[in-house]
Amino acid sequence: MANILIIDDEKSIRKTLSEILSYEGYKVDEAADGAEGFKMFKDKQYDAVLCDIKMPKMDGLEFLEKAKETNPDIPIVMVSGHGNIDTAVEAVKKGAYDYISKPPDLNRLLITLRNAMDKSNLVTETKTLRRKVNRTQEMIGTSAPILKIKETIEKVAPTDARVLVTGENGVGKELVARWIHERSNRASGPIVEVNCAAIPSELIESELFGHEKGSFTSAVKQRIGKFEQANGGTLFLDEIGDMSLSAQAKVLRALQEGKITRVGGDKEISVDVRVVAATNKDLLKEVEEKNFRLDLYHRLSVILIHVPSLNDRRDDIPLLVEHFLESACQEYGMAKKAIDKEAMKALQQHNWSGNIRELGNVVARLVILSGKTITAEDVYDYVVPSREKKKVNI
């Protein structure tokens, strides 16, 4: 049910419009002047606004300017009996979706309102999609470890040197890989990700190198592998420490010779691929335990980048929280929420075992469950596990 705000100093007009819109299935709030309407506009999320122009305390055009500064995505339809063409043009220039004269044609009013909300929904969806596409392009933080990583990426990215990214789960290893790709000479090519831990060992070779039709029971057609898909671009081998030894041997050959052979095939295929690998394991320890090939380790680790845990870069937490707050509020269609100092302090003191991924989920949870301002009490209620609450001084 869409929420509509009607702002008009004529009670009869408000009542008529409210009854019509309520009958059409809208939820309606009313305000008797621009000042009251602007307060309601700031305090509550609306899908559209119907606003008179000539009103006491704050006229419609002043409301329009302030409302567009507060939330430019909410469509505002001006409705007035005192206007003319110049007034209508001025209203549209200031950001009004449309201008309707009084007494309004009800069919036109309803159609205009529906079109305005459809356009608003498209704008919101477009922003959400753009944010999702561009989300990996941001590396937030000013701590010394993050600045060092950024500096390293700027030096390494233009080369074709292979990179091994290490760090705990959730620290942003994929983000580092994408930064390397986007700042490389291969940025116009594809970046193809393979999660080595998520693919069964018996299928990893087919996933990486592809297979020919009939090469095994379920191979009903030819398959192009990730190496070929990434040709001219970057191949990101995530969780490389979980790859089987047999697959490691073939990856080593592909890196050495720049050629691969599909499963069940005998033709060598040349590939031009830059490999960035990542792991949360100690690969040298895995080498000692005979789980990882030492020669492959040396091939992959031309450049080593270690991404620190969030607990080791707590100074970056306020910046990350503000980023996640804005993203979550936009994604859920909510007005931007504030967070008080004590709540931020509590988040900085928390043990982030899940790192950046956990922090993003926690901020989304706080956005959904808290009031206009996120408080330390909210953190206490929704973030800190019960067994830890006694240990945290909030």
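Here the structure is a predicted model, which means the values were calculated and not measured.
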Go through the steps for Ile74 and Val49 under the test side-chain contact (heavy atoms from CB on, under 4.5 Å), then give the verdict. CA-CA 8 Å; Ile74 305 302; Val49 179; 4.2 Å; yes
Same cluster (ILVMFWY, side-chain, under 4.5 Å), [X] and [Y]:
{"X": "Leu304", "Y": "Val307", "answer": "no"}
{"X": "Val163", "Y": "Ile191", "answer": "no"}
{"X": "Leu366", "Y": "Tyr332", "answer": "yes"}
{"X": "Val362", "Y": "Ile374", "answer": "yes"}
{"X": "Tyr97", "Y": "Leu17", "answer": "yes"}

Nearest 0.5 Å, what's the [atom1]-[atom2] distance between [X] and [Y]?
{"X": "Gln248", "Y": "Asp295", "atom1": "CD", "atom2": "CG", "result": "9.0 Å"}
{"X": "Leu320", "Y": "Leu347", "atom1": "CG", "atom2": "CG", "result": "11.0 Å"}
{"X": "Leu300", "Y": "Ile240", "atom1": "CG", "atom2": "CD1", "result": "5.5 Å"}
{"X": "Leu296", "Y": "Met243", "atom1": "CG", "atom2": "CE", "result": "7.5 Å"}
{"X": "Ile269", "Y": "Phe209", "atom1": "CD1", "atom2": "CZ", "result": "11.0 Å"}
{"X": "Ile204", "Y": "Ser246", "atom1": "CD1", "atom2": "OG", "result": "9.5 Å"}

Output, in order, the C-alpha distance, side-chain angles, deciding distance and verdict of side-chain contact (heavy atoms from CB on, under 4.5 Å) for Gln45 and Met334. CA-CA 7 Å; Gln45 184 72 23; Met334 299 179 177; 5.5 Å; no
Would you please say whether a donor-acceptor pair under 3.5 Å links the side chains of [X] and [Y]?
{"X": "Asn169", "Y": "Asn280", "value": "yes"}
{"X": "Thr375", "Y": "Asp378", "value": "yes"}
{"X": "Glu30", "Y": "Ser18", "value": "yes"}
{"X": "Asn351", "Y": "Asn311", "value": "yes"}
{"X": "Ser143", "Y": "Asp316", "value": "yes"}

So [Y] and [X], do their side chains get closer than 4.5 Å, heavy atoms only?
{"X": "Gln229", "Y": "Pro190", "answer": "no"}
{"X": "Asp238", "Y": "Val194", "answer": "no"}
{"X": "Ile7", "Y": "Asp33", "answer": "no"}

Is the shortest distance from a Lys or Arg side-chain nitrogen in [X] or [Y] to a carboxylate oxygen in the other one below 4.0 Å?
{"X": "Arg108", "Y": "Asp98", "answer": "yes"}
{"X": "Asp9", "Y": "Arg14", "answer": "no"}
{"X": "Arg223", "Y": "Glu207", "answer": "yes"}
{"X": "Lys336", "Y": "Glu322", "answer": "yes"}
{"X": "Asp118", "Y": "Arg114", "answer": "no"}
{"X": "Glu174", "Y": "Arg178", "answer": "yes"}
{"X": "Lys44", "Y": "Asp29", "answer": "yes"}

Working note: Ile20 + Leu106, criterion side-chain contact (heavy atoms from CB on, under 4.5 Å); need CA distance, chi angles, decisive distance, verdict. CA-CA 8 Å; Ile20 292 169; Leu106 297 182; 3.3 Å; yes
Extract all donor-acceptor atom pairs below 3.5 Å that involve side chains of residues 283-290 and protein atoms in other chains or at least two apart in sequence.
from	atom 1	to	atom 2	distance (Å)
Glu286	OE1	Asn291	ND2	3.3

Closest heavy-atom pair and its distance - [X], [Y]:
{"X": "Ala187", "Y": "Glu182", "answer": "CB-O, 3.5 Å"}
{"X": "Pro75", "Y": "Lys68", "answer": "CA-NZ, 4.5 Å"}
{"X": "Leu310", "Y": "Asn355", "answer": "N-OD1, 2.8 Å"}

Would you say the side-chain atoms of [X] pair up with the backbone N or O of [Y], donor to acceptor, closer than 3.5 Å?
{"X": "Arg365", "Y": "Tyr382", "result": "yes"}
{"X": "Lys337", "Y": "Val367", "result": "yes"}
{"X": "Arg357", "Y": "Val171", "result": "no"}
{"X": "Arg314", "Y": "His350", "result": "yes"}
{"X": "Asn185", "Y": "Pro158", "result": "yes"}
{"X": "Arg162", "Y": "Arg299", "result": "yes"}
{"X": "Glu228", "Y": "Ile224", "result": "no"}
{"X": "Thr159", "Y": "Ala161", "result": "yes"}

Mind checking whether His181 and Trp179 have ring centres under 6.0 Å apart?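 No.
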Can Ser309 and Asp312 be said to form a side chain to side chain donor-acceptor pair (under 3.5 Å), step by step? CA-CA 5 Å; Ser309 68; Asp312 291 332; 3.1 Å; yes
I'd like to know whether NZ of Lys150 has more than 12 heavy-atom contacts from other residues, nucleotides or ligands below 6.0 angstrom.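 Atom NZ in Lys150 is packed in, count exceeds 12.
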Can you confirm whether Asp266 is buried at CG, in the sense that more than 12 heavy atoms of other residues, nucleotides or ligands lie under 6.0 Å from that atom?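 No, not enclosed.
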Please state whether the rings of Tyr46 and Phe41 are parallel, tilted or perpendicular, taking 30° and 60° as the class boundaries.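 Ring orientation of Tyr46 relative to Phe41: parallel.
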Just do the side-chain contact (heavy atoms from CB on, under 4.5 Å) check on Gln222 and His211 with the steps written out, would you? CA-CA 6 Å; Gln222 184 188 70; His211 61 248; 5.9 Å; no
Quick one: salt bridge (charged side-chain N to carboxylate O under 4.0 Å, His left out) pairs with a partner in residues 208-219, sequence neighbours left out?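 Residue pairs with at least one partner in residues 208-219: Glu212-Arg262.
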May I have the step-by-step check of side chain to side chain donor-acceptor pair (under 3.5 Å) for Thr279 and Glu239, ending in yes or no? CA-CA 4 Å; Thr279 183; Glu239 305 300 348; 4.6 Å; no
